[in-house]
Amino acid sequence: MGIEVGGLLGLIILVLDVYAIVKTVGSGSSTGSKVVWVVLILLLPVIGFLLWLVAGPSRPARA
């Protein structure tokens, strides 16, 4: 049962990371900023995604 749960969790992380990368590449940030975020997400999938959620590029200011 552990393999199925680990595989599902890995798939969810993969989908979230791909989503974050697509959103980052499509953002209006500078190319250097995009590259840094994509590399961070690829090297540290879980932590990189969480950091992207909190401080990712082109986050609109909340009123």
Side-chain angles (χ1 to χ4, degrees):
M1 184 158 137
I3 293 174
E4 293 86 9
V5 173
L8 182 61
L9 184 60
L11 180 64
I12 291 169
I13 291 170
L14 175 66
V15 168
L16 291 174
D17 284 345
V18 168
Y19 172 78
I21 290 170
V22 168
K23 287 295 192 179
T24 300
V25 170
S27 72
S29 297
S30 68
T31 303
S33 176
K34 290 178 186 181
V35 169
V36 169
W37 277 109
V38 169
V39 168
L40 183 68
I41 292 167
L42 289 174
L43 291 179
L44 304 169
V46 176
I47 295 171
F49 176 75
L50 293 175
L51 287 173
W52 176 81
L53 277 178
V54 173
S58 294
R59 290 282 171 210
R62 292 185 178 178

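Atom set for the values below is all heavy atoms of this structure, side chains included, hydrogens, waters and symmetry mates excluded.
Note: the hydrophobic cluster containing L53 also contains Y19 (ILVMFWY, side chain heavy atoms under 4.5 Å, direct or indirect links). The hydrophobic clustering, which links ILVMFWY residues whose side-chain heavy atoms are closer than 4.5 Å, places W52 and L42 together.
With sequence neighbours left out, the side-chain contact (heavy atoms from CB on, under 4.5 Å) criterion links L44 to L40, I47.
Taking both residues in full, the closest heavy atoms of A20 and T24 are given as O-OG1, 2.7 Å, listed atom of the first, atom of the second, then distance. The minimum heavy-atom distance between I13 and P45, with the atom names listed, is CG2-CB, 4.0 Å.
Rounded to the nearest 0.5 Å, atoms CG (L50) and CD1 (I41) are 10.5 Å apart. In this structure, CZ on F49 lies 12.0 Å from CG on L14, to the nearest 0.5 angstrom. Rounded to the nearest 0.5 angstrom, L8 CG and I12 CD1 are separated by 4.0 Å.
Legend: side-chain hydrogen bond (donor to acceptor under 3.5 Å, both in side chains) pairs involving residues 31-43, not counting sequence neighbours: none detected.
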